[in-house]
Amino acid sequence: MANILVYALHYDGAINKNSLGAVSEGAKLAAELGGEAHAILLGENVPQDLAASLGKYGAKKVLVAEGPEGLAQPLVDAMAAAISAGGYSYALFGGGLLGFEIGAGLAARLNAGVVMEVTAVRAEGGELIAARPIIGRLNAFEIKESGDADAPVEQLSFELSPHASQATMITRGEQRGADVDIEGADVLIAGGRGLGKAEGFELAEELAKAFGGNSAVAATRAVVDAGWYPYAAQIGQTGKTVAPKLYLAAGISGAIQHKVGMQASENIVAINKDANAPIFEFSDLGIVGDLNKILPKLTEAVKAKKGS
Ligand code: FAD
């Protein structure tokens, strides 16, 4: 019997969607291993009903630990205490940088193995086997409701290591565009380094606004890394996979890691000043030119067509 401990990130009174997917997946895998999935939440005054609600996603028990939330080190302490107390063979995290940090810390603390950027996990011969592609998508575990009762909630007592309180959370918030539903959009205006600076994204946002309805702005990793646009909008190997009706790539070179996230789009239109840019090899329509001139004209044309 192997139980699985799943970390559930919560913010503003709600459990993060990736964590709900991880709890659902943990419940399925634990059942296949003949064990149980338990969830763990850490925070100051975590609401009891929020913790218990994880029962709906298959958690058989929820451990609540009191401590500073949103930081990796206190979670390493709490999860290590729970795992050391016995009964867990695996810990599971939804996709996200915090999970990477906690997973690495926990592996070091417990002398355990760790696998990251996993896209699928299966139970085989009483063990879990994780798949990690070299090129592919980092997808979240699917959220599934598998139970109808609240899970029993237990308070976990653990000691914070002195170094766990060295970093403190100053503020927590959402970045611009973080709440946009990129995967559900019909029209995506994607911007790359060719936009020149963070403010360059206004051109993409204006065009998306002109299309109206179900349209949104997406980005490459280069611009996300530069801090020009939020990670939630990143398309590609280490971002999201999309297949909108129209994918308009502005100032994007078309690197393989970007291509894997958008190649299934129905229509791909690319604007690039370099006629040899790789993106033109898989575009339905390619426009060679300066996006600073083309995007505003396109926005005007779309507005005129829509009569707005
Ligand atoms: P660039 O490659 O710099 O391209 C900018 C383009 O803009 C150029 O083609 C240029 O000709 C054009 N341009 C410049 N000025 C103008 C102008 N005025 N008008 C028109 N065109 C102009 N990338 C992702 O996108 N998503 C991922 O998930 C991802 N994951 C990665 C994972 C790994 C392990 C690695 C190693 C890389 C990953 N990358 C990813 C990075 C990827 O390799 C590229 O570096 C990135 O996609 C390039 O972004 P870009 O097209 O915005 O920038």
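Just so you know, ligand 1 is whichever comes first in the structure, and atom 1 is the first atom listed for that ligand. Every heavy atom of this structure was used, including side-chain atoms; hydrogens, water molecules and symmetry mates were not.
Ligand-side atoms of ligand 1 in range of N292: 18 (N), range being under 4.0 angstrom from any heavy atom. Close approach to D290 involves these atoms of ligand 1, each under 4.0 Å from a residue heavy atom: 17 (C), 18 (N), 19 (N). Distances below 4.0 Å separate heavy atoms of G236 from the following atoms of ligand 1: 26 (N), 27 (C), 28 (O). Within the listing of ligand 1, atoms 11 (O) sit less than 4.0 angstrom from a heavy atom of D274. Annotation for ligand 1: atoms under 4.0 Å from non-hydrogen atoms of G192 are 52 (O).
When all heavy atoms are compared, the tightest approach of T238 to R221 is OG1-NH1, 3.2 Å. Residues K240 and A232 share a closest heavy-atom pair of NZ-O, 2.8 Å. Contact detail for G43 and H10: the closest heavy-atom pair is CA-NE2, 4.2 Å. Scanning all heavy atoms of the two residues, the minimum distance from V242 to P244 falls at C-CD, 3.6 Å.
Residue, atom and distance of the protein heavy atom nearest to atom 43 (O) of ligand 1 are Q257 OE1, 2.8 Å. The protein atom (non-hydrogen) at minimum distance from atom 30 (N) of ligand 1 is T238 OG1, 2.7 Å.
At least one heavy atom of G239 sits closer than 4.0 Å to an atom of ligand 1. Look at G289 and you'll find a heavy atom under 4.0 Å from some atom of ligand 1.
For the residues S253, G200, A277, G194, the heavy atom positioned nearest atom 13 (N) of ligand 1 is part of G194. Comparing D225, N272, T241, L295 by heavy-atom distance to atom 10 (C) of ligand 1, the nearest is N272. Which of T220, N276, L195 comes nearest to atom 50 (P) of ligand 1 through a heavy atom is settled by distance: it is T220. Among G191, A250, A222, the residue whose heavy atom lies nearest to atom 49 (O) of ligand 1 is A222. Within the set A226, A255, A190, the minimum heavy-atom distance to atom 44 (C) of ligand 1 is found for A255. Proximity annotation for atom 32 (C) of ligand 1: of Q234, R193, K273, R221, R221 comes nearest, heavy atoms only.
Surrounding CD of E44 are more than 12 heavy atoms belonging to other residues, nucleotides or ligands, all under 6.0 Å away. Heavy-atom neighbours of E32 CD from other residues, nucleotides or ligands within 6.0 Å: above the threshold of 12.
Only the backbone of I235 comes within 4.0 Å of ligand 1, counting heavy atoms alone; no side-chain atom from C-beta on gets that close.
The closest side-chain donor-acceptor pair between D274 and N272, if any, does not fall under 3.5 angstrom.
Taking the six-membered ring for Trp and thresholds of 30 and 60 degrees, Y229 and F201 have nearly parallel ring planes, at less than 30 degrees apart.
For K61, the salt bridge (charged side-chain N to carboxylate O under 4.0 Å, His left out) partners two or more places apart in sequence, or in a different chain, are E154.
At least one N or O atom of L291 sits closer than 3.5 Å to an N or O atom of ligand 1. At least one N or O atom of G251 sits closer than 3.5 Å to an N or O atom of ligand 1.
Screening residues 94-107 for side-chain hydrogen bond (donor to acceptor under 3.5 Å, both in side chains) gives no qualifying pairs among residues at least two apart or on separate chains.
Residue V153 is grouped with residue I15 when hydrophobic side chains (ILVMFWY) are merged at heavy-atom distances under 4.5 angstrom, including chains of intermediate members.
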